Structure formats: C-alpha cells, structure tokens
Amino acid sequence: MNWHIEQELNDKNIQQELINSANIPNHIAIIMDGNGRWAEEKGLSRSKGHKEGLESVRDIVKASSTLGVKYLTLYAFSIENWKRPFAEVEVLMSLLEIYLKNEVDELHKNKVRIKTIGKFNSLPKTVQKLLLSAVEKTKNNTGLTLTLALSYGARWDIVRAVQLIALDVRRGNLSPEDINEGNFSQYLSTKDIPDPDLMIRTSGEFRLSNFLLWEVAYGEIYVSNLLFPQFRRNDLYEAIKSYSSRERRFGKTSAQIKNEKKSIENDSYIKKVFNAIKSI
Ligand code: FPP
C-alpha cells in the first residue's frame, strides 16, 4: 500500500500545516519505553505490551515517512535487554522477525531504506538473515532511512570505535595526533547517519539509557509521559512542534544565532531578487 494514498485527509492537512509552520527535524531518534507498564496497567502480559508497541512503530514509521522526515532511529533492543527473562527476549525477537518478514515489501514500496546498528552477531541467525536481506533490498531507496538499534549500546559502540582506531594506528594508517571528533565519528556504527536533531523518550523517564550518547551531543530531548503503546502520530507531531519552538544554539549565544538567521534570510532574499532580474 502507498502510504500517501491511504493517508487520511485530516492527517494530510495536519502534516501540511506542520510543514508550513514548523521546522521538521532531519533525524528523529526514539527510546520506546513503557510497553511493559502499559500491559501491566491493563492486567495483560508484557508480550501484549510489546505487540501494541509494534503498532506504534508502524504508525510512527508511516507518519515520519509521509511527513518527509529523512532519518528515524528506533531503540528496539538494547545490549542490556539480553538480561531480561528468556521468554521476553524470545517475544521481542519474534516480533522483530514478524515485522521484517511481513513488512519489508511495504516499506520498500514506500521507499524506506532499512539500516541496523548494534552488535549484529549476537542476534539470532534468523533475525540476522532477515535483516541482511531487508538492508540489501532497500539500500538504494531515497525516502525515510529507518535505523533499527538492535543489541545496541552507545558505550559498546564507542569502545568498538576505539578498538578500530587503535588497529588503524597500529597498522600505520592513522597517527594519534590526527584523531579528532570528525574522524572519530567515522568509526561509529552510525557513521552514515547524521546526528539526531530530536530525541524522544516515552513513559516520562528522563534518561538516555545508553542510546546514541555521542551523537545526541547537540540534539534536543523531548520526554512524553505517554507509554510507548499509546504514543502515536499525533504525539509525534506534538514533539516536533516542541522541537521547532526551541532555539538550537550549538554553544553560541542567542544574539549570534539570530544574526546568522537574519543573514541567511537576507541571502535568500537577495538570491530571489537576483533570479527575478535574470528572468526579465
Ligand atoms: C521498552 O519497554 C521497550 C523495549 C525493550 C522494546 C521495544 C520494542 C517494540 C516497541 C516492539 C518491537 C519493535 C520492532 C521495531 C519490531 P519496557 O518493556 O522496558 O517497558 P517497561 O519499562 O514499562 O517495563
């Protein structure tokens, strides 16, 4: 199904209004927390919570894609999640299998490019195979880049980057004094993905839980009190509105940012006038 065609008119209008009035983040990362609590509150098993969480994933992916978000990264399974009861880990892995088996074609038709970050070799072989084939099939797509963080931990990724750098130094490909923030980033598993502009966490917890610690250095954080299975597209739009109302200073002063904005606006005004004169 084409998501633009199946999109409800009301949602189309809301998205258009958002595009006109807000600054849409290039990269949104989500810590999907609260599946278990959602289920427990309803007297259901934790697996039911994860299943309902998958419904939120579906909705958020579609909405991000039709809205024109370029990158969406979902924290689907942390490296610490392996410590959960075996039965719960099995449920999460089987949901992942179901998602990849049943939905890659639809994602592909909608130009979604699938990526994964994390300790790939620790995932079950069936999941590894499905992921590899999803990544391969969608690698040339130009729409939303959907990155699934699986068996992922930011500290694990940073330590791995240090090991790779050490190897390059030992081989003589890099000298220690040439290591900087720019080339360090190139050793992380997120090297092909821009840093997140907006990091959303559900369930009202103010923690980063070892997610994209390096990459989120200047990202805006939004905490929603909703549990992840309750978090749907309209809640995503609220998060985007909040993001858009903030001033990102990247360490500069507010006055500097305002001046920069003014000079960009002036440049684009001059360009418009210049093009208008050229076309006469
Ligand atoms: C945290 O909730 C959520 C997870 C550990 C897994 C997230 C998984 C999904 C949303 C479903 C599958 C996703 C994909 C992409 C196929 P929690 O269990 O820690 O909740 P709690 O803190 O209330 O116990």
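Sequential numbering from 1 along the given sequence is applied to the chain's residues. Each ligand, and each atom within it, is numbered from 1 in the order the structure gives. None of these values were measured; they are calculated from a predicted model.
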Next on the checklist: Do Ile193 and His27 make a side-chain contact, defined as non-hydrogen atoms from C-beta onward lying under 4.5 Å apart?
Outcome noted: yes
Checklist entry - With atoms numbered from 1 as shown, which atoms in ligand 1 lie under 4.0 angstrom from a non-hydrogen atom of Leu96? => result 16 (C)
Next on the checklist: Among all the protein's non-hydrogen atoms, which is closest to atom 22 (O) of ligand 1, and how far away is it?
Outcome noted: Arg37 NH2, 2.9 Å
Checklist entry - Do Leu54 and ligand 1 have an N or O pair less than 3.5 Å apart? => result no
Item to check | N or O pair under 3.5 Å between Trp38 and ligand 1 | outcome: no
Checklist outcome for this item: Taken to the nearest 0.5 Å, the spacing of Leu208 CG from Tyr75 OH works out to 9.5 Å
Checklist entry - Which is closest to atom 9 (C) of ligand 1 in terms of heavy atoms, Ile60, Leu148, Asn35? => result Asn35
Checklist outcome for this item: If we number the atoms of ligand 1 from 1 as shown, the ones under 4.0 Å from a heavy atom of Arg84 are 5 (C), 17 (P), 18 (O), 19 (O)
Checklist outcome for this item: Among non-hydrogen protein atoms, atom 6 (C) of ligand 1 lies closest to Ala76 O, 3.3 Å
Next on the checklist: Go through it in stages, so that I can follow the logic: the residues are Glu41 and Leu227, the test is side chain to side chain contact (heavy atoms under 4.5 Å, CB included), and I'd like the CA-CA distance, side-chain angles, deciding distance and then a yes or no.
Outcome noted: CA-CA 11 Å; Glu41 274 178 13; Leu227 301 169; 3.7 Å; yes
Item to check | Top protein contact for atom 1 (C) of ligand 1, by heavy-atom distance | outcome: Met32 O, 3.1 Å
Next on the checklist: Ring-plane angle category for Trp156 and Tyr152, please: parallel below 30°, perpendicular beyond 60°, tilted otherwise.
Outcome noted: perpendicular
Next on the checklist: Quick one, Asp157 with Arg160, criterion salt bridge (Lys or Arg N to Asp or Glu O under 4.0 Å). Give me CA distance, side-chain angles, the key distance, then yes/no.
Outcome noted: CA-CA 5 Å; Asp157 204 18; Arg160 183 180 146 274; 3.2 Å; yes
Checklist entry - Do you know which of Thr145, Thr138, Asn141 makes side-chain hydrogen bond (donor to acceptor under 3.5 Å, both in side chains) with Arg113? => result Thr145
Next on the checklist: Within ligand 1, which atoms have a heavy atom of Leu92 less than 4.0 Å away?
Outcome noted: 6 (C), 8 (C)
Checklist entry - Is Tyr75 close to ligand 1, meaning an N/O of one under 3.5 Å from an N/O of the other? => result no
Item to check | Pair Glu238 + Lys241: basic N to acidic O under 4.0 Å | outcome: yes
Checklist entry - Taking non-hydrogen atoms only, is Asn81 closer than 4.0 angstrom to ligand 1 via side chain, backbone, both or neither? => result side chain
Checklist entry - Rounded to the nearest 0.5 Å, how far does CD of Gln230 lie from CZ of Arg232? => result 9.0 Å
Checklist entry - Does an N or O from Gly36, backbone or side chain, lie closer than 3.5 Å to an N or O of ligand 1? => result yes
Item to check | salt bridge (Lys or Arg N to Asp or Glu O under 4.0 Å) partners of residues 60-78, not counting sequence neighbours, each pair once | outcome: Glu6-Lys62
Checklist entry - If you count the atoms of ligand 1 from 1 in the order shown, which ones are under 4.0 Å from a heavy atom of His50? => result 11 (C), 18 (O)
Checklist outcome for this item: The answer for which part of Arg46 has a heavy atom under 4.0 Å from ligand 1 is side chain
Checklist entry - Should the ring pair Phe77 and Trp82 be called parallel, tilted or perpendicular, given that the plane angle runs from 0 to 90° and is split at 30 and 60? => result perpendicular
Checklist entry - Are any of the N/O atoms in Asp33 less than 3.5 Å from those in ligand 1? => result yes
